[in-house]
Amino acid sequence: IGGNVFPNLGLMDVVLPDMEGGLVACLSLRAWQPIDVNRTEICSWFLVEKDTPKEFKEHSYHAYMRGFGSGGAFEQDDIQAWCEASQTAKGSMGRRLLQNVALGIANRQVDREFPGYGEALMGNCSDTIWRDFYGTWLKYLAD
């Protein structure tokens, strides 16, 4: 389970392998803070209920660190991909070719039963969420 609070706060609840071959739940809170046009600081916190048994806390923490810590398998993989994509976009092909961001443009589905403030979009494999995110961000910056 994962979600974001606009514009830069994320929560992720995942199940990861522990050191003994089992699975353990991990809860992470993240904040993205732009530093300048080419750099963003990402802070990631491991969360666990205070009254959770010590053994579970240790298993969960170690799984979190192996997955999402600064040397974690997922974090390193994701960061490398974003860095390479950014670098590639600056190259000659990136400057010469247009990027196709039309994935799902005709399939924007609003959840009409969402009880909260604003619109909730139905999950699908598309760029809808990113278009709405950056469109909203642009609106706030322009005001």
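- The CD atom of Gln87 sits 7.0 Å away from the CD atom of Glu84 when rounded to the nearest 0.5 Å.
- For the atom pair NZ of Lys50 and NZ of Lys57, the computed distance is 9.0 Å after rounding to the nearest 0.5 Å.
- Listed here is the closest heavy atom pair of Ala63 and Val24: CB-CG1, 3.5 Å.
- Under the 3.5 Å distance criterion, the side-chain polar atoms of Thr52 are left unmatched by any main-chain donor or acceptor of Val48.
- Remark: Arg39 engages Asp36 in a side-chain hydrogen bond (donor to acceptor under 3.5 Å, both in side chains) (not counting sequence neighbours).
- Ser44 is linked by a side-chain hydrogen bond (donor to acceptor under 3.5 Å, both in side chains) to Ser28, Tyr64, counting only residues two or more places apart in sequence or in another chain.
- Linking ILVMFWY side-chain heavy atoms closer than 4.5 Å, directly or via other members, places Phe46 and Phe68 in a single hydrophobic cluster.
- If you look at Tyr61 and Phe56, their ring centroids are not closer than 6.0 Å.
- Linking Ile, Leu, Val, Met, Phe, Trp and Tyr residues whenever their side-chain heavy atoms come within less than 4.5 Å leaves Met12 and Val5 in two separate clusters.
- For the atom pair Asp13 CG and Leu29 CG, the distance stands at 12.0 Å (nearest 0.5 Å).
- By the side-chain hydrogen bond (donor to acceptor under 3.5 Å, both in side chains) test, Asp132 is found to be paired with Arg108, residues two or more places apart in sequence or in another chain being considered.
- With values rounded to the nearest 0.5 angstrom, Arg66 atom CZ is found 5.0 Å from Met19 atom CE.
- Asp18 is listed as a side-chain neighbour of Glu20, based on a closest heavy-atom distance under 4.5 Å.
- The SG atom of Cys43 sits 11.0 Å away from atom CZ of Arg30, with the distance rounded to the nearest 0.5 Å.
- For the pair Thr40 and Asn8, the minimum side-chain heavy-atom distance is 4.5 Å or more.
- Counting heavy atoms of neighbouring residues, nucleotides and ligands inside a 6.0 Å radius, atom CZ of Phe133 exceeds 12 of them.
- Between the side chain of Lys139 and the main chain of Tyr134, no donor-acceptor pair closer than 3.5 Å is present.
- Within the model, atoms CD of Glu119 and OG1 of Thr136 stand 8.5 Å from one another, a figure rounded to the nearest 0.5 Å.
- A donor-acceptor pair under 3.5 Å is absent between the side-chain atoms of Asn4 and the main chain of Phe6, judged by distance alone.
- Across all non-hydrogen atoms, the minimal contact from Trp32 to Gly10 is CZ3-N, 3.5 Å.
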